[in-house]
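Both counts, for ligands and for their atoms, begin at 1 and track the order of listing.
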Amino acid sequence: MPMKTAIGLATVIAAALVSAFAANSDPLPPDSTYRPLPTQPFSTVKENDEAQKPSVMERQRALLEQRYDLADRPVAGVMMSGGRKAVQQGVRVKLPQGVTWDSLAGKEPNEVRDKDLLPKGFMPLPHVKQATGGQVFPDDQIRKIAHDEQRDLRRFDIDFDLPGHLTPEFPPPIFLTTHPELGDVSRGDVLTIRNFYEYLNGIITPVQMEGLRLLLTPFPQEEFNQTEDRKVAQPSLGVTCLDCHANFHTNAAFHLTPDIRPQAERFRLDTTSLRGMYNQQIHGSKRSLRSIEDFTQFEQHTAYFNGDHVSAARKGMHLPDRANQVAMMAQMQNIIDFPPAPKLDPSGRLDPKKATEQELRGEQVFMGKGRCAECHIPATSFTDNNMHDLKLERFYKVRQTINDMVAIPDGPIKTFTLRGIKDSPPYLHDGRLLTLADTVEFFNLVLGTKLNQQDKDALVAYLLTL
Ligand code: HEC
Ligand code: HEC
């Protein structure tokens, strides 16, 4: 059987299995604002969820296979900032039959939409189980926390979906604005409640230390708590901030945006890095919160509970004290720096004595015909601190259903920083793009810049220097 048919068939079977099992699960009406309480005992829900799990995971695997080349193909000699993981190369989004990147970029948006030519990998990426949603942690994080803290971050209904070589290095390095001379202060380990004091004693202030303790303290969360609708086998103390923002970076843990209803239209959110937030004026892809303090409070207060304050109250939300706890948590986050970029000068431009010819050409494309610098401004951490609507829906028919997710337009999204960007795959707010080469093809289409192959390669080489 040809590969494509096999995948297609697997998807159909998986989808059929999912809907067959769904009949036994609790109903989750896709169009309501509040989530209903379970009508079945925890043990029954767990049993049904576990029975569904293989087909749910198979359906997601088939979707990823259909969209992307998932191979482990590193760029020769280019590592992430800690030197522990290779950066992946090449465009991974698959093209539809008979289309090339150049022919696609040459078409009008209407034509791409009407002939269904937009590569599927450019479309919003669904959560593994859209109807349930919630936080999903990668295996490395689950194992580390089980080992250090005997706390279980494994869900019984689903697993993390992306292959390990396509996520950030683990553990990622930690750089402090207050101690550039120390370099990475992580000691090659993941900060946990067990080791943070030993590792950072004498380096950070008492206020920062208390902030860090709170960032590493588990608090109840929608799927990790004591109630009958939890998705962890044993009642749980909850999750910590750095369970997703591992070492203040990201381990690619994901959940669904708290900001949208109904459930089917909520988009997936890939964890953002907390590096360099001191220079960013808006926070969150959609919320545009204006301070780290606001975001810190919002994460525990409602984001942990899908933005549902009613559910939060029932499960035991932790409301950190604004004047004390939140301020200290924010102070700690505000001293986390980007990784060093030795080829950049103090104004964020390449130093011609250090950069290669290709990198310099890439910078020219970035500033000029690629139009990147119009939003990613070098002097301000490669963001304009604005949200932009890229209007991708010009290229596809909206309200297509992808594995239970209804694709609606993304609308305005924060211009993310590009400093240290090689360290944070996958890309875009939902993690739909796997490599920097994918992002170059994406923006070339969205902006209509018609870059040639040499420009694109140079742009990728340049992005790797940031
Ligand atoms: C699911 C794992 C997860 C946990 C746990 C988590 N976050 Fe986040 N965090 C995210 C995601 C995903 C985003 C991106 C949100 C968005 O784009 O709207 C984010 C964004 C942020 C931002 C804004 C970044 C920016 O500049 O746009 C801050 C600040 C932040 N988190 C702090 C925290 C704090 C403090 C905690 C603990 C109270 C925490 N996070 C717990 C996943 C997590
Ligand atoms: C109109 C403003 C605008 C322009 C021009 C622009 N970007 Fe962006 N960029 C954004 C926004 C907004 C996002 C977030 C989009 C999302 O997450 O859906 C983003 C995200 C990215 C990301 C992913 C960041 C992350 O953390 O996931 C990369 C990489 C990127 N842009 C590179 C480029 C390159 C390269 C160019 C030029 C070819 C470019 N951008 C041009 C606004 C812009």
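- At least one N or O atom of L428, backbone or side chain, sits closer than 3.5 Å to an N or O atom of ligand 2.
- For atom 8 (Fe) of ligand 1, the nearby protein N/O/S atoms, meaning those under 2.8 Å, are H245 NE2, E299 OE2.
- With ligand atoms numbered from 1 in the order given, ligand 2 contributes 37 (C), 38 (C) to contacts under 4.0 Å with heavy atoms of G370.
- The side chain of L447, and not its backbone, has at least one atom closer than 4.0 Å to an atom of ligand 2 (non-hydrogen atoms only; side chain from C-beta on).
- Nearest protein heavy-atom neighbour of atom 25 (C) of ligand 2: I421 CD1, 3.8 Å.
- If you check the side chains of Q333 and T296, you find a donor sitting under 3.5 Å from an acceptor.
- In terms of polar-atom proximity, M277 is not counted as a contact of ligand 1, lacking any N or O under 3.5 Å from an N or O of the ligand.
- The line from CE of M329 to CD of Q300 is 4.5 Å long, rounded to the nearest 0.5 Å.
- Closest to atom 12 (C) of ligand 2, if we only count protein heavy atoms, is I413 O, 3.3 Å.
- Look at D102 and K456 and you find a salt bridge, because one of the NZ, NE, NH1 or NH2 atoms lies within 4.0 Å of a carboxylate O, short of that distance.
- When each atom of ligand 1 is checked for a heavy atom of Q300 under 4.0 Å away, the hits are 38 (C).
- The proximity of F219 to ligand 1, defined as any non-hydrogen pair under 4.0 Å, does not occur for either the backbone or the side chain.
- For ligand 1, the atoms lying closer than 4.0 Å to a non-hydrogen atom of L215 are 35 (C).
- Within ligand 1, the atoms closer than 4.0 Å to a non-hydrogen atom of D270 are 12 (C), numbered from 1 in the order shown.
- If you check each of H376, H388, H429 against atom 10 (C) of ligand 2, the one with the closest non-hydrogen atom is H376.
- Heavy-atom distances between R287 and ligand 1 stay at or above 4.0 Å for every pair.
- Residues D159 and K53 are paired through a salt bridge, judged by an N-O separation under 4.0 Å between the basic side chain and the carboxylate.
- The pair E149-R194 does not meet the salt-bridge criterion, since no charged nitrogen lies less than 4.0 angstrom from a carboxylate oxygen.
- The protein atom (non-hydrogen) at minimum distance from atom 32 (C) of ligand 1 is Q333 OE1, 3.6 Å.
- Evaluated by nearest non-hydrogen atom to atom 27 (O) of ligand 1, the leading choice among G284, S291, A330 is G284.
- Ion pair K120/D116 flagged as a salt bridge, since at least one NZ, NE, NH1 or NH2 atom sits closer than 4.0 Å to an Asp/Glu carboxylate oxygen.
- Using a 4.0 Å cut-off between heavy atoms, K414 contacts ligand 2 through its backbone alone, with no side-chain atom that close.
- The ring pair (Phe, Tyr, Trp, His ring centres under 6.0 Å) with F122 is formed by just one residue from the set Y396, W101, F395; it is W101.
- Scanning the protein for heavy atoms near atom 35 (C) of ligand 2, the closest one is C372 SG, 3.6 Å.
- Remark: ligand 1 and H283 share an N or O pair separated by less than 3.5 Å (distance only, no angle test).
- Atoms CD and OG1, from Q325 and T217 in turn, are 9.0 Å apart once rounded to the nearest 0.5 Å.
- Remark: minimum distance from atom 5 (C) of ligand 2 to any protein heavy atom is reached at R371 O, 3.3 Å.
- Taking any N or O of S285, backbone or side chain, at least one lies under 3.5 Å from an N or O belonging to ligand 1.
- Under a 4.0 Å criterion applied to the non-hydrogen atoms of T240, ligand 1 contributes the atoms 5 (C).
- With respect to D148 and K144, a salt bridge is recorded, a charged nitrogen being found less than 4.0 Å from a carboxylate O.
- Between V440, D455, L418, D438, it is L418 that holds the heavy atom closest to atom 22 (C) of ligand 2.
- In summary, K315 and D229 engage in a salt bridge, as defined by a charged side-chain N under 4.0 Å from a carboxylate O.
- Protein heavy atom in closest approach to atom 1 (C) of ligand 2: C375 SG, 2.7 Å.
- Between D294 and R322 a salt bridge is recorded (basic side-chain N to carboxylate O distance below 4.0 Å).
- E265 has a carboxylate O that lies under 4.0 Å from a charged side-chain N of R399, or vice versa, which qualifies the two as a salt bridge.
- F443 CZ, 3.5 Å is the protein heavy atom nearest to atom 19 (C) of ligand 2.
- At a 4.0 Å heavy-atom cut-off, ligand 2 touches T439 through the side chain alone.
- With hydrogens and angles left out, the side-chain atoms of Q364 and R361 include no donor and acceptor closer than 3.5 Å.
- Between F254 and F160, the ring planes are tilted. Angles from 30° to 60° get that label.
- With values rounded to the nearest 0.5 angstrom, R113 atom CZ is found 12.0 Å from L392 atom CG.
- Under the 30°/60° scheme for interplanar angles, the aromatic rings of F224 and F137 are found to stand perpendicular.
- The single protein non-hydrogen atom nearest to atom 15 (C) of ligand 1 is L269 CD1, 3.8 Å, given as residue, atom name and distance.
- A salt bridge does not link R266 with D259: every distance from a Lys NZ or Arg NE/NH1/NH2 to an Asp or Glu carboxylate oxygen is 4.0 Å or more.
- Taken from CG in N334 to CE in M277, the straight-line distance is 6.5 Å, to the nearest 0.5 Å.
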